[in-house]
Amino acid sequence: MNSLNKDEKKDLVESKVLSWIDGHHDEIAGFLQELIQIPSVNPWFGPKEEESREADVQKAIGNRMQALGAEVANWEPNAKELAKYEGRAGYYADHKFEGRPNQAAVLKGSGGGRSMLLTGHVDVVPAGNGWTVDPFLGERREGVIYGRGAVDMKGGIAAMIMAVEAVVKSGYRMKGDVTVGTVVDEEAGGMGTLDFVDKGYRADACIMTESTDLKVAPLCRGILWGKLIIPGRSGHIELPQGDWREGGAVDAVTLARVFMDHFDRLNADWRLRKTHPYMSIPCQLYIAQVNAGEYPTAFANKAELVFDAQYLPREKDDMGLGSKVKAEIVEFINRVAMTEPWLREHPPVIEWLIDADCGETPVEHPFVQTIGESLKKVISEEMIEGIGFHTDMGWFTNVGIPTVNFGPGNPSVAHQDNESLEEKELIKAVKTIALTLIEWCGVADA
């Protein structure tokens with residue numbers, strides 16, 4: 001190998017690593033099956049006790065990384081210790097982490113290379129009741145792996161770990177350090193990643209292996225969940241009602257319809273203003289839940305509209321959150337309320353439920369270009385597109401780590417019944433990440 005020039009050496013390394021991946025297809029798929037078979041539903045959703053096994057997933061990952069020579073650290077986040085972040089992205093004072101550890105597996109490099117952080121979350125949402133296969137079996141059928149977390153995001157975790165394994169077991173050692181960081185609590189706001197960053201883990205670049213349909217996603221949007229509480233006044237629905245000023249009923253359902261009509265107008269405005277060249281869709285405010293009334297025979301004395309609104313990285317406030325967009329929504333709701341005499345005297349209330357932050361790495365950054373070139377070697381094209389949902393990339397970009405989202409699977413399948421991932425896409429993700437490790441970190445003979 002010493003007689004080869006630099007490019008020939010790199011081509012040889014890449015060819016050998018890609019051949020290893022092709023020859024270990026079943027092992028790669030089997031590792032994803034192993035992760036799916038350990039239920040790790042985030043307890044924020046109130047699952048059965050046996051489903052909250054995030055610690056067991058971390059153990060499986062840690063064992064695999066230790067076998068490659070990594071130093072593994074495992075600890076439980078502590079909300080009290082993170083209280084200094086109150087008011088910032090990812091902090092929730094009431095979140096509990098007993099039996100829910102974060103983990104960092106550090107594979108030391110030989111020296112002289114750039115470092116890499118590969119990261120993802122081990123928690124999943126509940127399976128639900130509409131599955132036609134066992135959600136925690138990891139069934140393989142005709143080149144597809146089924147199970148909760150196959151796409152979101154155990155497929156990405158399997159891909160990044162097997163990419164490291166492919167390089168190491170092909171007989172090479174990265175020159176730069178590689179850290180595999182796996183966190184909890186992403187599905188309930190991202191406090192695991194906040195804790196991981198607080199512990200001081202850093203790298204020269206980061207791949208967050210959320211599912212992106214094999215697109216390089218250098219940005220994600222922020223997400224606001226809110227509940228608009230619209231007051232009414234109950235009254236017998238089958239009888240005439242007088243003026244509300246004289247004690248008559250006020251139908252909160254009718255008032256909710258007024259707000260929904262105005263939200264359509266807000267969205268028309270946002271479709272023009274809240275766009276990004278690497279986002280396929282604009283930011284919108286969508287109603288996700290409508291809750292109203294008490295009895296079939298009474299006008300609703302209250303209506304609740306639970307909504308999801310998105311915001312762009314350029315709209316973040318100084319704390320990295322969406323307070324500017326919150327203020328915009330509040331102002332809009334107040335203007336609507338002023339059009340209704342009842343609401344002028346009985347104003348609606350907004351409860352904010354979640355503010356999940358966002359992040360962006362410039363497309364021209366060398367790391368974005370590096371993973372893009374690696375992807376082209378695997379699928380003959382470079383696909384760059386931001387993602388509309390929240391990922392945990394915000395805190396990594398906040399502390400100066402250039403970060404991209406990249407992983408296997410169609411993100412629209414996440415959280416669905418019969419969540420599934422095509423094995424060929426898993427393999428392509430492993431290859432792309434492995435090639436990025438080779439190029440970014442550099443390799444030497446083991």
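Values reported hereafter were calculated over all heavy atoms of this structure, with side chains retained and with hydrogens, waters and symmetry mates removed.
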Any donor-acceptor pair under 3.5 Å from Asp213 side chain to Lys215 backbone: no
Aromatic contact, Trp395 with Tyr85 (centres under 6.0 Å): yes
Trp20 and His24 aromatic ring geometry - parallel, tilted or perpendicular at 30°/60° bounds: parallel
Side-chain H-bond candidate by donor/acceptor type, Asn405 with Thr391, under 3.5 Å: yes
Backbone N/O of Pro126 and side chain of Arg148: donor-acceptor pair under 3.5 Å: yes
Glu304 side-chain N/O to Ala292 backbone N/O, donor-acceptor pair under 3.5 Å: no
Electrostatic pair Glu165-Arg64, nearest N-O below 4.0 angstrom: yes
Neighbour count above 12 (heavy atom, 6.0 Å) for Lys199 NZ: yes
Where Asn267 and Gln284 come nearest, the two heavy atoms and their spacing: O-NE2, 3.0 Å
Check against side-chain contact (heavy atoms from CB on, under 4.5 Å), Val122 and Ile61: CA-CA 10 Å; Val122 300; Ile61 292 168; 4.0 Å; yes
Distance (rounded to the nearest 0.5 Å) between Glu86 CD and Met319 CE: 9.5 Å
Cationic N near anionic O, under 4.0 Å, Lys302 to Glu294: no
Pairwise distance NZ(Lys175) to CD1(Ile438) - rounded to 0.5 angstrom: 12.0 Å
Phe396 backbone acceptor or donor facing Thr403 side chain under 3.5 Å: no
Short side-chain to backbone donor-acceptor contact, Gln58 and Thr182, under 3.5 Å: yes
Neighbour count above 12 (heavy atom, 6.0 Å) for Glu381 CD: yes
Salt-bridge present (Arg88, Asp357; N to O < 4.0 Å): no
Donor-acceptor pair between Asp308 and Gln310 side chains, under 3.5 angstrom: yes
Axial cation check for Tyr311 ring with Arg221, 6.0 Å and 45° limits: no
Under 3.5 Å donor-acceptor, Asp317 side chain and Ser323 backbone: yes
salt_bridge(Lys108, Asp177) N-O dist < 4.0 Å: yes
CG (Asp261) with more than 12 external heavy atoms under 6.0 Å: yes
Crowding at CG, Asp318 (>12 non-hydrogen neighbours, <6.0 Å): no
Side-chain donor-acceptor pair present, Asp152, His121, cut-off under 3.5 Å: yes
Check against side-chain contact (heavy atoms from CB on, under 4.5 Å), Leu437 and Val178: CA-CA 8 Å; Leu437 286 168; Val178 175; 3.9 Å; yes
Donor-acceptor under 3.5 Å (Ser374 side chain, Thr370 main chain): yes
SB check Arg314 Glu360 (cutoff 4.0 Å): no
Residue Tyr278 excluded, over 12 heavy atoms near OH under 6.0 Å: no
Pair Asn42-Asp185, side-chain donor/acceptor within less than 3.5 Å: yes
Ala356: side-chain contact (heavy atoms from CB on, under 4.5 Å) partners, not counting sequence neighbours: Ile223, Ile354, His390
Which atom of Met116 lies closest to which atom of Cys441, heavy atoms considered: CB-SG, 3.6 Å
Whether Asp445 side chain and Tyr172 backbone form a donor-acceptor pair below 3.5 Å: no
Asn418 side chain to Thr132 side chain, donor-acceptor N/O pair below 3.5 angstrom: yes
For Ala104, side-chain contact (heavy atoms from CB on, under 4.5 Å) partners two or more places apart: Trp75, Thr179, Phe196, Tyr201
Test side-chain contact (heavy atoms from CB on, under 4.5 Å) applied to Phe332 and Leu285, step by step: CA-CA 12 Å; Phe332 182 84; Leu285 187 154; over 6 Å; no
Ser420 to Val144 - nearest heavy-atom pair and separation: CB-CG1, 3.5 Å
Stepwise salt bridge (Lys or Arg N to Asp or Glu O under 4.0 Å) test for Glu315 and Arg273: CA-CA 12 Å; Glu315 298 180 289; Arg273 294 193 297 112; 5.7 Å; no
Gln37 (side chain) donor-acceptor with Leu137 (main chain) under 3.5 angstrom: yes
Side-chain ion pair, Lys154 and Glu419, N-O less than 4.0 Å: no
Within-4.5 Å side-chain heavy-atom neighbours: Cys358 and Lys316: yes
Trp225-Phe307 aromatic ring centre distance below 6.0 Å: no
Atom pair CD/CG of Glu186 and Leu194 - distance to nearest 0.5 Å: 13.5 Å
Step-by-step side-chain contact (heavy atoms from CB on, under 4.5 Å) determination, Ile38 to Lys59: CA-CA 11 Å; Ile38 307 172; Lys59 183 177 180 180; over 6 Å; no
Side-chain ion pair, Lys96 and Glu98, N-O less than 4.0 Å: no
Option passing side chain to side chain contact (heavy atoms under 4.5 Å, CB included) with Lys431 (candidates Leu375, Leu18, Ile379): Leu18
Distance-only polar pair, side chains of Asp204 and Ser115, donor-acceptor under 3.5 Å: yes
Worked check of salt bridge (Lys or Arg N to Asp or Glu O under 4.0 Å) between Glu328 and Lys274: CA-CA 13 Å; Glu328 181 181 353; Lys274 295 179 182 286; 3.1 Å; yes
Over 12 foreign heavy atoms within 6.0 Å of CD, Glu71: no
Closest approach of Gly155 to Leu426 (non-hydrogen atoms, all atoms of both residues): O-CD1, 3.5 Å
Aromatic plane relationship, His95 with Tyr92 - under 30° parallel, 30 to 60° tilted, over 60° perpendicular: parallel
Ion pair check, Glu423 and Arg140, cut-off under 4.0 Å: yes
Gln369 to Val363 - nearest heavy-atom pair and separation: NE2-O, 2.7 Å
Parallel, tilted or perpendicular: rings of Trp440 and His365 (30°, 60°): tilted
Lys84/Asp198 ion pair, N-O < 4.0 Å: yes
Lys/Arg-Asp/Glu bridge criterion (N-O < 4.0 Å) met for Glu425, Lys428: no
Backbone N/O of Val124 and side chain of Glu187: donor-acceptor pair under 3.5 Å: no
Contact summary for Ala217 and Ile387, nearest pair of heavy atoms: CB-CG2, 4.0 Å
